[in-house]
Amino acid sequence: EIQAAGGVLVAISPAPPDDSVTLNEKHNLKFVVLSDTKNELAKKLGITFSLPETALSNYVALGKDHKAFYGSEVPEYPTPSSFVIGNDGKIAWLHHEIHHSRRSEAADIVAALKALKAQ
């Protein structure tokens, strides 16, 4: 649907490149998964948050070591966000949600693409 509406889907993950490739192969994804391991793009977009030390300790206790996985001392993560970017490079539509389980719907992205195309 997204391609039919004139869009190109790209996912950007804080996971290391090897993990992104593995994810893509494992799930036979039909889109590219890029890595932003230092959250450089996420910071520029203003979509990062840091975990408090107590929460970070809980993650480590559960076997989820931020430094080991991301290769970074900074416990910083991007929030789930979706963007529709026009040919002019400007953000035409944005869905940004701090809660990790609330994601944008494909129908909303397609509607934003169609609205952009109609301009």
Side-chain angles (χ1 to χ4, degrees):
E1 276 188 273
I2 290 173
Q3 287 179 332
V8 176
L9 182 62
V10 176
I12 303 174
S13 169
D18 287 347
D19 289 342
S20 293
V21 169
T22 302
L23 178 70
N24 205 337
E25 291 171 349
K26 181 179 177 182
H27 297 288
N28 194 27
L29 301 176
K30 304 293 185 222
F31 53 89
V32 176
V33 180
L34 303 174
S35 292
D36 184 22
T37 54
K38 294 181 181 175
N39 286 315
E40 291 171 353
L41 178 60
K43 286 178 199 172
K44 286 179 183 176
L45 294 170
I47 59 168
T48 59
F49 70 98
S50 296
L51 286 177
E53 190 60 41
T54 52
L56 195 56
S57 299
N58 291 338
Y59 274 90
V60 172
L62 293 169
K64 298 181 181 191
D65 185 357
H66 176 86
K67 182 181 178 187
F69 185 74
Y70 295 108
S72 170
E73 294 283 345
V74 181
E76 186 173 58
Y77 303 88
T79 59
S81 303
S82 300
F83 299 85
V84 170
I85 301 171
N87 290 331
D88 60 1
K90 293 182 181 177
I91 297 171
W93 179 85
L94 163 66
H95 179 263
H96 172 74
E97 179 63 58
I98 191 70
H99 195 280
H100 67 88
S101 69
R102 295 183 192 134
R103 307 290 174 120
S104 55
E105 297 292 329
D108 295 331
I109 296 170
V110 169
L113 285 166
K114 288 179 178 178
L116 182 62
K117 202 174 189 178
Q119 291 180 355

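The backbone N or O of Thr48 lies less than 3.5 Å from no partner atom in the side chain of Asn39, so there is not a single donor-acceptor pair. A donor-acceptor contact shorter than 3.5 Å links the side chain of Asp36 to the backbone of Leu41.
Among residues two or more places apart in sequence or in another chain, the salt bridge (Lys or Arg N to Asp or Glu O under 4.0 Å) test is passed with Lys38 by none. With sequence neighbours excluded, the residues satisfying ring pair (Phe, Tyr, Trp, His ring centres under 6.0 Å) with Tyr77 are Phe49, His66, Tyr70.
When the shell of 6.0 Å around NZ of Lys114 is examined, it contains 12 or fewer heavy atoms from other residues, nucleotides or ligands. When the shell of 6.0 Å around CD of Gln3 is examined, it contains 12 or fewer heavy atoms from other residues, nucleotides or ligands.
Under a hydrophobic-cluster definition in which Ile, Leu, Val, Met, Phe, Trp and Tyr are linked whenever side-chain heavy atoms come within less than 4.5 Å, directly or via other members, Val8 and Val32 are assigned to the same cluster.
At a threshold of 4.5 Å between non-hydrogen side-chain atoms, the residues Ser13 and Ser35 do not count as touching.
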Chi angles and distances behind the side-chain contact (heavy atoms from CB on, under 4.5 Å) call for Leu113, Trp93 = CA-CA 9 Å; Leu113 285 166; Trp93 179 85; over 6 Å; no
Ignoring hydrogens and angles, write down the donor-acceptor pairs under 3.5 Å from the side chains of residues 79-92, residues two or more places apart or on other chains.
unit_1: Thr79; atom_1: OG1; unit_2: Ile47; atom_2: O; d: 3.2
unit_1: Thr79; atom_1: OG1; unit_2: Ser81; atom_2: OG; d: 3.4
unit_1: Thr79; atom_1: OG1; unit_2: His96; atom_2: ND1; d: 3.0
unit_1: Ser81; atom_1: OG; unit_2: Thr79; atom_2: O; d: 3.2
unit_1: Ser81; atom_1: OG; unit_2: His96; atom_2: ND1; d: 3.0
unit_1: Ser82; atom_1: OG; unit_2: Ser104; atom_2: OG; d: 2.5
unit_1: Asp88; atom_1: OD1; unit_2: Lys90; atom_2: N; d: 2.9

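Summarising the geometry of Arg103 relative to His95, their closest heavy-atom pair is C-CE1, 3.7 Å, with the distance given to 0.1 Å.
Here the straight-line distance linking atom CG of Leu9 with atom CD1 of Ile109 works out to 7.0 Å at 0.5 Å rounding.
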